[in-house]
There are 2 protein chains.
Amino acid sequence: MSATSLTTLPATITNSQWIYLRHPDGIVGPEHYELRTQTLATELSAGEVLVESHYLSVDPYMRINQSLKPTYNELPHALNTVQSAGVVARVLSSSVPHLAAGDWVEGMIGWQTHARIHHSMLRKLDPAVAPVSTALGVLGMPGRTAWFGLTESGRPHAGEVVVVSGAAGAVGSLVAQFAKRHGCKVLGIAGGAAKCDWLRDNLGLDWAVDYKAHHSAEALSAQIKQLTGGVDVYFDNVGGMVTDAIIPLINRRARIVICGSISQYSGGLDQPELGPRFLHHMLYQRATIQGMLARDYVHRMDEMQRIVGPMVTAGQIVFEETIVQGFELLPATLNSLFTGDHRGKLLVQI
Amino acid sequence: MSATSLTTLPATITNSQWIYLRHPDGIVGPEHYELRTQTLATELSAGEVLVESHYLSVDPYMRINQSLKPTYNELPHALNTVQSAGVVARVLSSSVPHLAAGDWVEGMIGWQTHARIHHSMLRKLDPAVAPVSTALGVLGMPGRTAWFGLTESGRPHAGEVVVVSGAAGAVGSLVAQFAKRHGCKVLGIAGGAAKCDWLRDNLGLDWAVDYKAHHSAEALSAQIKQLTGGVDVYFDNVGGMVTDAIIPLINRRARIVICGSISQYSGGLDQPELGPRFLHHMLYQRATIQGMLARDYVHRMDEMQRIVGPMVTAGQIVFEETIVQGFELLPATLNSLFTGDHRGKLLVQI
């Protein structure tokens with residue numbers, strides 16, 4: 001094959017891979033993975049590209065895919081395979097004309113240092129628009145989820161009250177800011193005073209509430225009611241007790257967007273928790289619950305980027321990234337999604 | 001006032017009234033009501049009509065309005081007042097030209113034998129279209145709820161699977177038939193083998209399932225899954241364990257219509273039961289839950305009647321009525337809504 005490459009590549013390179021080995025019953029962590037190396041031939045077949053990973057994503061959905069019950073996928077992530085993940089990588093060599101050595105790309109490369117991958121699986125990035133790591137955050141899957149989840153399922157109107165759970169996270173922090181730009185009054189819910197200060201001071205939210213400061217859904221609910229009076233749009237990344245607190249506060253014709261339920265991911269998807277029944281509130285308020293996934297808007301990625309890209313370039317959106325250095329820390333970083341204290345998009349850099 | 005009347009009326013008549021006296025903690029029944037009589041002057045003010053009740057409605061929503069917490073109304077039904085209710089009545093005398101003595105009307109007259117009421121509160125009925133009692137059923141509030149709840153919130157398509165809980169009830173039995181007319185495969189859920197036979201044999205449903213034959217939501221779920229494969233539209237009148245069984249069976253982009261939660265009305269609205277969390281299913285399937293109320297479609301009553309009226313006249317819709325004889329049985333009949341074994345619309349006739 002004709003190919004471009006930065007330097008003359010050896011016939012093989014060593015590829016390090018994190019293998020998903022064991023199903024977690026509770027929180028996922030290093031004990032469910034194994035680091036392996038393989039020898040990867042660098043010669044390309046037609047259409048292939050050889051890439052070197054630079055930013056590797058950890059996302060809550062990874063734990064959904066480890067559930068033993070059917071989820072949005074019929075089958076769980078296969079054991080004994082590389083953990084699938086979005087990755088920002090650099091092209092080392094290419095067999096196709098529109099990708100050249102040195103180009104930045106994004107794709108589902110997985111937790112590995114290198115890969116030979118078909119060009120159709122990769123999205124070429126323009127480093128002039130924004131740092132390439134944003135292809136895993138504000139200008140990637142989380143940004144798409146936040147933009148379309150809020151605008152298409154949440155349908156916010158100026159003057160309405162929007163409440164976001166997981167508001168300091170990759171998706172929630174964007175939803176909260178997009179809602180502000182729609183003229184809404186926005187309350188963010190997060191764990192800990194530091195995150196809440198950040199939501200108020202850096203993201204400009206009207207209110208931020210620390211759910212960890214409350215012992216019950218009733219107490220959390222009372223504080224949110226006192227601040228907002230009632231909720232028109234609830235964008236839910238968290239589920240569980242936080243959601244229990246908010247549903248009784250919905251206003252007439254409220255829209256509840258179910259984007260995630262991270263509080264339930266470490267076991268609750270296999271064996272559901274019990275929580276208070278609430279469907280009567282949907283009846284009383286003629287409200288809507290709508291589940292949505294990033295994958296439903298893959299075909300509209302360009303639309304999101306056309307709108308949000310200029311906001312990012314103009315510095316109008318806070319898109320914090322928490323970047324962990326070191327490929328060896330990937331499983332521990334995934335674990336910290338469920339236990340830790342990061343803000344914005346959590347990434348591992350090699 | 002100039003007025004028409006069937007015969008010369010006495011200056012006063014005796015009006016019997018069922019007074020809502022005490023809040024029920026559990027199931028509502030005769031102990032929460034008191035029968036009183038009042039003397040009613042027959043002389044009409046401008047715009048008034050004197051009516052005599054013939055068919056009086058008992059409806060599940062009456063128990064919602066007795067909840068101590070805010071519902072779709074900010075305040076519960078006032079104590080020490082006549083139980084509000086839809087009634088089909090006959091005009092005894094009228095002060096307005098478009099209503100004459102002998103005409104049939106329907107309105108929120110309440111549980112009383114007579115009333116002087118402003119003509120704007122009454123809807124004139126045409127006995128040639130259908131029996132006047134249908135103004136409380138298929139051509140009244142339950143018909144409106146069923147038609148718009150199914151078509152606007154459920155959005156059924158030919159070939160889809162529609163599941164209806166409370167399928168032998170006033171609303172459910174109509175929803176199930178309307179869904180059949182949309183070309184759907186319909187499964188009705190009801191309590192007891194007799195109701196299920198009726199759903200299959202008289203309403204022509206594809207399947208009927210007796211929830212009382214199952215000890216757990218899991219067992220009920222397994223049977224429904226085996227029959228249908230999965231659920232595209234779930235029209236819920238019942239909530240509780242039946243709904244727990246169905247939500248895990250929803251197909252991609254399913255629509256769940258919350259029209260009622262009768263299993264929760266006898267206490268669960270004040271102190272919610274615990275049930276399994278299920279919002280992850282909404283996420284997985286990108287499904288929608290929509291609460292709806294009859295009152296949202298009051299302004300489209302004529303549209304429902306224009307469509308459903310001809311079906312009724314042509315005998316294409318089974319609209320069973322369970323008619324209890326005797327004004328004195330109203331509270332006991334309301335009680336039997338939650339405990340009894342009626343089919344279709346439950347009414348009391350004087």
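Reminder, nothing fancy here: chain letters follow the sequence lines and each chain counts from 1.
For A:Leu75, there are no side-chain contact (heavy atoms from CB on, under 4.5 Å) partners, not counting sequence neighbours.
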Check chain B and chain A for donor-acceptor pairs under 3.5 Å and report each one on its own line.
residue, atom, partner, partner atom, Å
B:Asp244, OD1, A:Arg277, NH1, 2.9
B:Asp244, OD2, A:Arg277, NH1, 3.3
B:Asp244, OD2, A:Arg277, NH2, 2.8
B:Arg253, NH2, A:Asp296, OD1, 3.3
B:Glu273, O, A:Arg277, N, 2.9
B:Glu273, OE1, A:Arg277, NE, 2.8
B:Gly275, N, A:Gly275, O, 2.8
B:Gly275, O, A:Gly275, N, 2.8
B:Arg277, N, A:Glu273, O, 2.9
B:Arg277, NE, A:Glu273, OE1, 2.8
B:Arg277, NH1, A:Asp244, OD1, 2.9
B:Arg277, NH1, A:Asp244, OD2, 3.4
B:Arg277, NH2, A:Asp244, OD2, 2.8
B:Arg286, NE, A:Asp296, OD1, 3.0
B:Arg286, NE, A:Asp296, OD2, 3.0
B:Arg286, NH2, A:Asp296, OD1, 3.1
B:Ala287, O, A:Gly291, N, 3.0
B:Thr288, OG1, A:Gln290, OE1, 3.3
B:Ile289, N, A:Ile289, O, 2.8
B:Ile289, O, A:Ile289, N, 2.8
B:Gln290, OE1, A:Thr288, OG1, 3.3
B:Gly291, N, A:Ala287, O, 3.0
B:Asp296, OD1, A:Arg253, NH2, 3.2
B:Asp296, OD1, A:Arg286, NE, 3.1
B:Asp296, OD1, A:Arg286, NH2, 3.1
B:Asp296, OD2, A:Arg286, NE, 3.1

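Looking at B:Pro248, neither its backbone nor its side chain comes within 4.5 Å of chain A, counting heavy atoms on both sides. Heavy atoms of B:Ile256 lying under 4.5 Å from chain A are absent altogether.
Atom CD1 of A:Ile289 and atom CG of B:Leu283 lie 12.0 Å apart (nearest 0.5 Å).
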